[in-house]
Amino acid sequence: MKNVSKYTRGYFMPPVRCMKWAEKEYITKAPIWCSVDLRDGNQSLIVPMSLEEKVEFFKYLVKIGFKEIEVGFPAASETEYEFCRKLIEEDLIPDDVTIQVLTQSREHIIRKTFEALKGAKHAVVHLYNSTSVAQREQVFKKSKQEIIDIAKFGANLLNECAKEYEGNFQFEYSPESFTGTEMEFALEICNEVIDIWKPTPDNKVIINLPVTVQLSMPHVYASQIEYMCDNLNRRDSVIVSLHPHNDRGCGVADSEMGLLAGADRIEGTLFGNGERTGNVDIITLALNMYSQGVDPELNFENIPEITEVYERLTRMHVYERQPYSGQLVFAAFSGSHQDAIAKGMKWREVEEREHWTVPYLPIDPKDIGREYEGDVIRINSQSGKGGIGYLLEQKYGFDLPPKMREDFGYAVKSVSDHLHKELMPEEIYDIFTKQYLNIQSKFKLIEAHYVQGNEMKATVTIEVDGEEKHIVGTGNGRLDAVSNAIKAYFGYDYTIVTYKEHALESGSKSKAVAYVGIAGPDGKTIWGAGMHTDIITSSVSALVSAINRM
Ligand code: KIV
Ligand code: ZN
């Protein structure tokens with residue numbers, strides 16, 4: 001691209017090598033989660049949430065299990081102030097939940113923030129000022145020392161206000177635009193703030209290191225976090241928090257690698273809502289941990305419900321391929337994927353398998369409220385016999401012989417190809433019943449009586465062109481006897497190559513279903529299925545269906 005020379009790398013590596021995190025393989029425990037849906041998330045919406053919507057969202061975050069929730073920037077807008085007051089005055093904050101409020105490092109803003117918190121049992125007061133080279137030079141036009149002074153002013157005032165105002169306050173400091181800040185400077189300013197707050201292991205402060213704008217690959221951020229963790233004053237009294245945005249699409253990677261690098265806490269949103277490309281998606285992060293056997297300590301067992309609440313309140317849309325949550329993320333249309341999933345699911349049924357290893361499905365969709373039918377195996381012209389057969393079996397109970405699955409697979413694909421659309425389970429069932437089940441197009445089976453002698457004798461009544469005919473045949477069993485009667489009457493030449501029967505468990509419980517494959521002189525197998533309360537009748541119907549389809 002012709003303008004490439006306009007760009008350069010705008011981040012800063014730590015002054016020493018910080019790569020211990022790279023030796024670690026996975027995250028071993030859930031971090032402290034803080035939802036910023038009602039602040040960062042809300043401030044990025046085309047239409048911000050109303051007071052009532054914020055209250056509903058807050059209650060829902062509590063239901064999911066968040067213990068820390070940033071509820072806004074109360075000094076910035078009347079609605080945010082009112083919302084904070086409403087939560088406190090109407091006693092909507094459970095005892096084990098802490099609200100968090102954001103403030104700039106300016107006296108009247110800090111004071112208004114503390115006023116907004118009057119009566120709160122406990123709260124996090126989150127102080128920030130911007131520290132990056134770009135912001136210092138272009139926006140604030142201040143030296144490093146002047147930027148430190150802003151932070152120190154706010155830190156001191158928080159100490160003062162905490163004494164003046166009633167309540168149990170915890171402090172948080174964010175060097176905003178951390179990722180565009182020289183690491184030594186970010187460390188210096190955070191340590192200045194820590195030294196003012198003098199936290200102890202029993203009274204910790206939060207140092208939040210935001211990816212305000214994503215400027216680097218995630219391993220750079222992880223090295224920056226490791227450097228901060230290694231060098232922050234009073235590390236045992238500091239909760240290191242991450243607040244990744246997603247400009248380069250690495251919000252989740254930044255968070256995961258940042259946790260490996262020593263961070264304790266994550267600020268993010270549901271579905272990654274937030275400024276520009278959003279904040280990190282806490283659902284993805286949590287379920288990534290879950291998929292490796294680590295309890296995320298948030299309840300994401302009903303993603304469809306969470307999606308409904310989120311879409312209604314934010315007026316945003318959850319992207320179809322959003323990890324774990326999107327409509328299509330468990331869907332398999334392709335034949336080979338469907339086949340592998342169907343086999344994987346069967347393999348699980350055989351024995352109680354402890355661990356989930358089904359191909360193509362990183363977690364069991366059922367664990368997060370998704371259905372196999374409709375969510376996993378979806379049928380279009382790309383689909384294969386495995387998936388189509390699996391769907392017919394799971395939803396309607398028909399367990400076709402393998403070769404018949406193949407035949408039926410072609411029938412379904414051809415309909416989907418022709419209509420150029422996805423087929424729903426009912427349409428697939430419809431194709432099966434219309435094309436294979438109890439087919440009586442050329443002649444009808446009215447009744448059959450059997451007498452066992454040396455051989456089985458069948459006396460069969462059929463209807464051909466509106467006329468009843470009585471035909472007789474013998475054979476080594478009932479089906480063979482009926483088949484011989486039909487062959488003799490019509491002069492057909494075929495052999496029965498496959499026969500299978502089973503009880504139909506789903507739907508009408510008392511029915512039996514049979515499948516018959518017959519091969520003519522050309523060797524091609526024609527399939528038919530029969531269903532009846534009587535197993536003999538269903539097998540004869542299956543044969544009649546196959547012959548009628550010849
Ligand atoms: O993205 C950011 O840097 C922020 C800060 C206020 C933490 O939202
Ligand atoms: Zn942010």
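Just follow the structure's listing: the first ligand is 1, and inside any ligand the first atom is 1.
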With heavy atoms of [X] as the reference, note each atom of ligand 1 found under 4.0 Å away.
X	result
Ser174	7 (C)
Asn208	7 (C)
Asp40	8 (O)

Indicate yes or no: at least one non-hydrogen side-chain atom of [X] is less than 4.5 angstrom from one of [Y].
X	Y	value
Phe57	Leu270	yes
Arg370	Pro304	yes
Leu242	Tyr221	yes

For this session: With Lys118 as the cation and Tyr165 as the aromatic partner, state whether NZ or CZ is under 6.0 Å from the six-membered ring centre and within 45° of the axis.
Result: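 Output no; distance or angle outside limits.
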Exercise. Are Arg353 and Trp347 in a cation-pi contact, defined as NZ or CZ under 6.0 Å from the six-membered ring centre and within 45° of the axis?
Worked result: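 So Arg353 does make the cation-pi contact.
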Exercise. Is there at least one pair of N or O atoms, one from Tyr128 and one from ligand 1, spaced under 3.5 Å apart?
Worked result: no
Starting from [atom], which protein heavy atom do you reach first, and at what distance in Å?
atom	value
atom 4 (C) of ligand 1	His243 NE2, 3.5 Å
atom 3 (O) of ligand 1	Thr212 OG1, 2.6 Å
atom 6 (C) of ligand 1	Arg39 NH2, 3.7 Å
atom 1 (O) of ligand 1	His245 NE2, 3.0 Å

Exercise. Is the distance between the Zn ion (ligand 2) and the nearest N/O/S atom of Asp40 smaller than 2.8 Å?
Worked result: yes
Seminar exercise, completed: To the nearest 0.5 Å, atom CG of Leu45 lies from atom CG of Asp40 at 10.5 Å
Exercise. In terms of side-chain geometry, is the basic nitrogen of Arg265 or Glu267 positioned less than 4.0 Å from the acidic oxygen of its partner?
Worked result: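 Yes, this pair counts.
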Problem set entry | Considering only N, O or S atoms of His243, the one closest to the Zn ion (ligand 2) |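 Looking only at N, O and S atoms of His243, the one nearest the Zn ion (ligand 2) is named NE2.
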Exercise. Taking everything shown except Lys24 itself, do over 12 heavy atoms lie less than 6.0 Å from its NZ?
Worked result: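 Yes, NZ of Lys24 has more than 12 neighbouring heavy atoms, counting only those of other groups under 6.0 Å.
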Problem set entry | Residue part near ligand 1, for Val36, under 4.0 Å between non-hydrogen atoms | neither
